[in-house]
Structures are given as structure tokens and as C-alpha cells.
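By convention here, the first residue in the shown sequence is residue 1. Start at 1 and go down the list; that is how both ligands and their atoms are numbered.
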Amino acid sequence: MRPEITLHNTATRQKERFDPIDPQNVRMYVCGPTVYDRAHIGNARPVIVFDTLFRLLRHVYGPDHVTYVRNFTDIDDKINATALSRKEAGAAGTLEDLIRERTDETIDWYHADMDALGTLRPSSEPRATEFVGQMIAMIEDLIAKGHAYAAEGHALFRVRSYTEYGALSGRSVDDMIAGARVEVAPFKEDPMDFVLWKPSTDDLPGWESPWGRGRPGWHIECSAMAHELLGERFDIHGGGNDLQFPHHENEIAQSKCSGHGFANVWLHNEMLQVEGKKMSKSLGNFFTVRDLLDGNWSGGWKVPGEVIRFVFLSTHYRKPMDWTDAKAREAEATLRKWAKAVEGVEPSGETDPQILETLADDLNTAGAIARLHTLFAEGNYPHLLSALTLMGINLNALETGAGARRDEVATMIEALLEERTLARQAKNFARADALRDGFAAAGVVVKDTGEGAEWELAPDFDPAKLEALK
Ligand code: AMP
Ligand code: ZN
């Protein structure tokens with residue numbers, strides 16, 4: 001018997017039982033990144049959330065029975081701007097070559113960064129530039145059906161022609177107009193109408209189309225790629241809740257007006273915040289995944305990918321969350337403790353039913369982590385290991401990723417403990433006491449036993465303070 005999965009569907013604002021259209025091929029589309037620069041850690045949230053759902057679906061329906069599509073938006077003004085400035089700086093190649101170079105390098109970074117977080121590559125990662133033909137065909141169809149029109153080299157979607165516009169977010173068109181920054185343009189019939197196609201000037205990349213040389217708007221990309229790769233109706237569509245309006249409302253309008261059923265369930269992750277504000281490139285309040293992995297952030301230490309993943313999973317995906325140094329340190333201490341406990345343990349052949357039930361309840365990852373703590377406390381290491389695997393947390397990677405550092409820390413602590421013994425023997429109590437206080441301040445808990453000193457790292461372990469003791 002398959003466990004019952006429930007998911008919170010944004011479109012109905014309810015938790016619903018998940019019944020795939022075809023259990024032999026469960027299909028999910030998630031809006032992917034615009035590949036103009038490194039991903040920040042906010043961008044990693046949907047990647048981790050939907051990876052966890054992907055893993056759960058693979059577990060329940062079988063790894064060969066889930067198709068997960070996540071696109072790359074590789075048509076974008078910021079990409080063009082980088083390519084253009086490289087060209088002006090004398091880089092070899094055409095503008096198209098330099099654009100491709102920029103998107104290729106960004107996709108490589110994205111893969112390396114997201115791999116480090118323990119996320120599986122989706123079944124398919126289409127690049128928008130490879131589906132322009134399908135986008136043009138879809139726009140032509142929308143025009144033929146009266147849902148779109150051509151004007152001055154543009155093609156525009158006629159929002160008022162789709163009476164259900166706004167149903168996803170539960171808002172009326174008029175409310176949305178009042179709240180949105182809609183672009184008023186003389187060629188638009190209505191300010192709410194959005195761009196399906198826009199003209200390109202000669203210095204910009206472009207494709208031939210019935211409306212002249214130009215490029216697609218962002219929204220039509222996802223509708224066309226989802227249709228091409230997942231069919232007219234599929235199971236799940238996901239993304240951050242910042243995409244609900246206008247991006248997802250527009251995707252729905254385009255696809256439904258083309259006669260497609262589109263997605264049955266809409267899932268949205270809440271935002272990663274910094275001091276109450278969405279982390280975003282435009283606000284400048286961000287650090288990248290690479291910054292965390294390399295230690296180039298305010299915390300100043302290298303955060304292993306597994307720790308980043310664990311911190312994200314500690315908060316339910318529909319709640320806003322903050323990234324904090326304290327959370328990351330606590331997560332690291334927990335994972336190291338577990339890694340030590342499961343050394344040499346074989347994972348259990350079956351999955352802990354409670355873990356499965358908790359994850360299947362609208363992806364309650366925070367609840368699942370609570371259960372991991374219980375499994376550890378009960379000494380049920382085989383179940384702990386297999387549950388961690390289901391959640392994509394690889395303790396071995398933690399060892400190899402930051403293991404070198406762990407050894408370094410151990411060597412340093414052992415040397416300082418030795419020095420403390422020698423100081424005591426030499427009656428240098430000032431140094432011995434300084435070391436004792438220094439360990440405490442650095443979060444190294446030292447217990448003196450008959451056989452010498454034992455130590456362990458507290459959650460607030462601070463390598464910099466330890467370093468300063470040398
Ligand atoms: P973008 O490249 O800005 O289109 O974003 C790629 C993905 O990251 C989308 O699914 C966004 O919803 C998501 N995203 C962007 N910023 C954040 C954030 N601060 N927290 C969570 N998700 C985000
Ligand atoms: Zn999209």
C-alpha cells in the first residue's frame with residue numbers, strides 16, 4: 001500500500017490528497033533560475049524543497065515513475081548586458097557566442113552549487129533558447145483563438161479574454177491592476193495585457209517570427225516548455241511564492257487559453273528573508289550558495305552543503321525563514337554528532353513509517369527532523385541513516401566535505417590540551433586557566449577523566465576563538 005500524500009494546493013488554498021494523473025509517470029514542473037549570475041541562498045530554497053518532494057515521490061511511485069522538469073531561463077536582459085560588456089572589452093566571438101558562454105558558465109556554477117546541497121538533477125533541464133519554436137507556435141495559436149494580438153512588433157496576451165484570471169491568487173483583475181506595476185504602453189489594448197513576444201534591436205539576440213525579429217516574454221517560456229515536456233495536463237507546478245503573480249497567473253492564462261489542462265496542484269515555497277525582507281539580488285541583501293560553501297560570508301566559516309540543506313529543511317516550506325549563523329552551527333553540531341554515531345552502521349532496509357508519514361503530510365520536513373532526533377535518542381541508527389538518505393542528507397559527504405577541517409580542529413584541541421597539562425605540571429596556572437576559559441568560550445566542552453581529558457563540540461563551537469588560543 002502506498003502512503004497517502006497530502007499537499008497544500010495554492011489554487012484551492014487547502015491541503016488535498018495527492019492523486020497523480022498517471023502513477024506510472026508522475027509529472028512536476030518547477031520554475032528554474034534565470035542564468036545571469038550565481039544563485040543566492042534564497043534561490044536554493046525552492047531547489048531543496050522540490051528536491052525533497054522529488055525524492056518522496058520517487059520513493060512512493062518508484063524512481064523511474066517520476067518526471068521532474070526545471071527550466072533554465074537563458075533569455076534575459078542582464079545576460080545580454082554581460083555579453084555586451086565583454087564584447088566591448090574586446091572578448092572574441094559574436095554576441096551570440098558570448099551570451100552562450102555566459103549562460104554555460106552560470107549553468108555550470110548552478111549545477112556545482114546545487115549538487116553540493118545534495119539535490120538530484122531533475123529529469124530534464126530545458127533551456128528556453130531551445131524551445132523558441134514551440135513558444136512561437138503557442139503564441140500563434142493564442143492569437144488565432146482571440147486570446148492574444150499583435151501590435152508594433154509585439155504579441156500581447158489579452159488578459160480580459162480569460163475570465164478566470166487571478167484565480168490562483170484569489171484576486172480580481174481590478175485588484176491586481178491596483179496593486180501591480182503594470183506597464184502602460186500605447187500599443188496595449190489594456191494596461192493589464194502582458195508581453196508574449198517583443199522586438200529585438202539589431203544589437204540584441206533575436207529569432208524570426210510572424211511579428212518580426214524578436215524574443216519571447218518570460219511567461220510563455222514555462223507554458224511552452226511544460227507543454228512540450230510534460231503534456232497538456234500534469235500533476236504539480238512549483239516555485240517560490242514571489243512567482244504567484246504575475247508569473248504563474250500568466251502561465252495559467254496562456255496554457256488554459258491554448259486548451260491545455262495545465263497543472264493540477266500548485267505548490268509555493270515561502271521566502272528566505274534577511275531581517276524581515278525577502279533576500280534578493282535587487283535589494284543587495286544576499287549571499288550566494290558559493291559564499292556559504294567557501295566561508296565568504298558574515299559567519300566567516302565554510303558551511304558544508306549538508307548543513308545548508310538541514311537548516312532549510314528545519315523550517316516548513318510554507319513558512320518564511322531566516323538564515324542565521326546560530327542555526328547553521330547548531331545544524332552542523334547535530335549532523336556531526338549523528339555522523340559519529342552511525343559510523344560503520346548499515347542503513348535499515350525499510351523506511352521508518354513515521355518519517356514517511358510526516359514527509360507525506362504536506363512535506364513536513366521540520367516534523368521529520370524532530371523524528372530524526374528521536375531515532376537518534378533511541379539509538380535506532382539504521383532507521384536514522386535510511387531516513388536521512390530519504391531526505392537527501394548524506395553524512396558521508398559531510399565527512400569528506402568538511403572532514404579535513406574536523407581533523408584539523410581535533411588536532412588543534414589535542415595539542416592545546418597537551419599544552420594545558422604541561423602548563424599545570426610547570427605550575428603555570430595563568431596559562432592553564434586561560435586555556436580552560438578559552439575552551440569554554442570557543443564552545444569546546446572538556447571533561448577531565450581518570451584517563452585524561454575528553455572533549456566535545458558544543459552547538460556554539462567557534463573555530464576562530466579556538467584558533468586564537470594557540
Ligand atoms: P529567479 O532566478 O529570481 O527567477 O528565482 C529562481 C527561483 O528562486 C524562483 O522559484 C524564486 O521564487 C525563488 N526565490 C527567489 N528569491 C527567493 C527567496 N528569497 N526565498 C525563496 N525563494 C526565492
Ligand atoms: Zn515559470
Could you pull out the N/O/S protein atoms under 2.8 Å of the Zn ion (ligand 2), ignoring any water? Cys31 SG, Cys222 SG, His247 NE2, Glu251 OE2
Cationic tip of Arg158 above Tyr162 ring, under 6.0 Å, 45° of axis: no
Report the nearest protein non-hydrogen atom to atom 17 (C) of ligand 1: residue, atom name, distance rounded to 0.1 Å. Met271 SD, 3.6 Å
Give me the residue, atom name and distance of the protein heavy atom closest to atom 9 (C) of ligand 1. Leu243 CD1, 3.7 Å
Is the closest side-chain heavy-atom distance between Leu267 and Met28 below 4.5 Å? no
Among all the protein's non-hydrogen atoms, which is closest to atom 11 (C) of ligand 1, and how far away is it? Asp242 OD1, 3.5 Å
Numbering the atoms of ligand 1 from 1, which are under 4.0 Å from a heavy atom of Lys278? 16 (N), 19 (N)
Side chain proximity check, Glu125 to Ile107, heavy atoms < 4.5 angstrom: no
Check: Gly42 N/O within less than 3.5 Å of ligand 1 N/O: yes
Whether the side chain of Asn71 engages the backbone of Pro126 through a donor-acceptor N/O pair (distance < 3.5 Å, no angle test) should be reported. no
So which of Ile48, Val274, Thr34 gets nearest to atom 2 (O) of ligand 1, if we judge by its closest heavy atom? Thr34
Which residues share a salt bridge (Lys or Arg N to Asp or Glu O under 4.0 Å) with Lys78, sequence neighbours left out: none
Does Asp291 reach the main-chain N or O of Thr288 with its side chain, forming a donor-acceptor pair under 3.5 Å? yes
Against heavy atoms of Pro33, which atoms of ligand 1 measure under 4.0 Å? 2 (O)
Can His40 be said to touch ligand 1, with heavy atoms closer than 4.0 Å? yes
Which residue holds the protein heavy atom closest to atom 13 (C) of ligand 1, what is that atom called, and what is the gap in Å? Pro46 CG, 3.7 Å
I'd like to know if Asp74 pairs up with Arg127 as an ion pair, taking the criterion as any Lys NZ or Arg NE/NH1/NH2 lying under 4.0 Å from an Asp or Glu carboxylate oxygen. yes
With respect to atom 10 (O) of ligand 1, which of Ala44, Pro320, Gly240 exhibits the smallest heavy-atom separation? Gly240
Is the cationic atom of Arg70 (NZ for Lys, CZ for Arg) positioned less than 6.0 Å from the six-membered ring centroid of Phe50 and within 45 degrees of its normal? no
Would a 4.5 Å heavy-atom cut-off, applied to side chains only, mark Pro23 and Arg2 as touching? yes
Ligand 1 contacted by Ser280 (non-hydrogen, < 4.0 Å): no
Please work out which of Gln273, Met279, His268 has its closest non-hydrogen atom nearest to atom 19 (N) of ligand 1. Met279
Over 12 non-hydrogen atoms of neighbours within 6.0 angstrom of CD in Glu357: no
Presence of salt bridge, Asp174 and Arg160, under 4.0 angstrom: yes
For ligand 1, is there an atom lying under 4.0 Å from some heavy atom of Glu270? yes
Just one of Val47, Asp37, Asn43, Asp115 clears the side-chain contact (heavy atoms from CB on, under 4.5 Å) bar with Tyr110, so which one? Val47
Can you find an N/O atom of Leu272 closer than 3.5 Å to an N/O atom of ligand 1? yes
Is there side-chain contact between Glu232 and Ser258, with at least one heavy-atom pair below 4.5 Å? no
Name the option, out of Asn43, Asn241, Asn269, that contains the heavy atom nearest to atom 3 (O) of ligand 1. Asn43
